Amino acid sequence: MRKRSRLLLIIILSVAFTALVGCSSGGSSASGGSSTDSAQTGEEARSVLAGTISGITDGVFTVTDQDGIPYDFPYEGETPEGLQDASEGDYVKVIYTGDLSETDGFDGEVVSVEIQ
């Protein structure tokens, strides 16, 4: 009976050690990933919306995607890079940070507007 207990204890400890080493190495590889690098440098993830400019007014421009859904991009202060060269009807790529939603609007910052 004592032999079985000892064998069972060794098996349990081996499994626990393997799990601990596995979790430890998983954590270290994640810390070297790009998402951590972006967080350390203060950069946010960037997204892209391609579509046609359907309106430009002071402080906001609208881009309609290929599905016909319009998205408003409000901005404060300086005009986003590239927007000054764009006009209604231009097909553009909007590079932005934050969240863009058809229903909730835009919560982020426009990085640039590129005419395609």
Side-chain angles (χ1 to χ4, degrees):
M1 190 75 160
R2 204 164 221 241
K3 223 177 192 183
R4 283 188 194 173
S5 297
R6 211 176 254 178
L7 181 60
L8 184 59
L9 179 62
I10 290 172
I11 291 172
I12 290 173
L13 289 175
S14 297
V15 170
F17 180 75
T18 304
L20 182 62
V21 170
C23 290
S24 160
S25 68
S28 66
S29 69
S31 68
S34 62
S35 63
T36 303
D37 294 341
S38 294
Q40 288 177 349
T41 61
E43 293 180 16
E44 289 186 56
R46 293 181 176 186
S47 301
V48 176
L49 175 73
T52 304
I53 294 183
S54 53
I56 301 176
T57 61
D58 289 335
V60 67
F61 66 99
T62 304
V63 175
T64 302
D65 71 5
Q66 57 193 1
D67 294 327
I69 301 169
Y71 294 95
D72 290 332
F73 289 92
Y75 59 92
E76 292 182 17
E78 259 185 59
T79 303
E81 180 184 335
L83 183 60
Q84 65 276 7
D85 300 325
S87 57
E88 286 188 38
D90 286 345
Y91 187 78
V92 297
K93 267 192 205 178
V94 180
I95 300 169
Y96 63 93
T97 61
D99 297 319
L100 179 63
S101 169
E102 183 181 346
T103 56
D104 296 331
F106 178 57
D107 180 26
E109 183 178 332
V110 175
V111 175
S112 66
V113 177
E114 299 175 1
I115 300 172
Q116 300 298 297

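Just so it is clear, the values below take in all heavy atoms, side chains as well, and ignore hydrogens, waters and symmetry mates. Keep in mind that what you see is a predicted model, and the values were worked out from it rather than measured.
Residues passing the side-chain contact (heavy atoms from CB on, under 4.5 Å) test with Q116, sequence neighbours excluded: Y91, K93, E114. Scanning for side-chain hydrogen bond (donor to acceptor under 3.5 Å, both in side chains) contacts around T97 gives an empty result, with sequence neighbours left out. Under the side-chain contact (heavy atoms from CB on, under 4.5 Å) criterion, T57 pairs with V60, sequence neighbours left out. Among residues two or more places apart in sequence or in another chain, the side-chain hydrogen bond (donor to acceptor under 3.5 Å, both in side chains) test is passed with D72 by T62.
Atom CG of D67 has more than 12 neighbouring heavy atoms from other residues, nucleotides or ligands inside a 6.0 Å radius. No more than 12 heavy-atom neighbours from other residues, nucleotides or ligands sit within 6.0 angstrom of CD on E109. A 6.0 Å sphere centred on CD of Q84 holds more than 12 heavy atoms belonging to other residues, nucleotides or ligands.
To the nearest 0.5 Å, atom OG1 of residue T52 and atom CD of residue Q66 are 9.5 Å apart.
Here the side chain of S101 pairs a donor or acceptor atom with the backbone of T103 at under 3.5 angstrom.
Under a 4.5 Å side-chain heavy-atom cut-off, the cluster of Ile, Leu, Val, Met, Phe, Trp and Tyr residues that includes V111 is completed by V48, I95. The hydrophobic cluster containing Y71, built from Ile/Leu/Val/Met/Phe/Trp/Tyr side-chain heavy atoms closer than 4.5 Å, also comprises L49, I53, I56, F61, V63, I69, F73, Y75, L83, V92, V94, Y96, L100, F106, V110, V113, I115.
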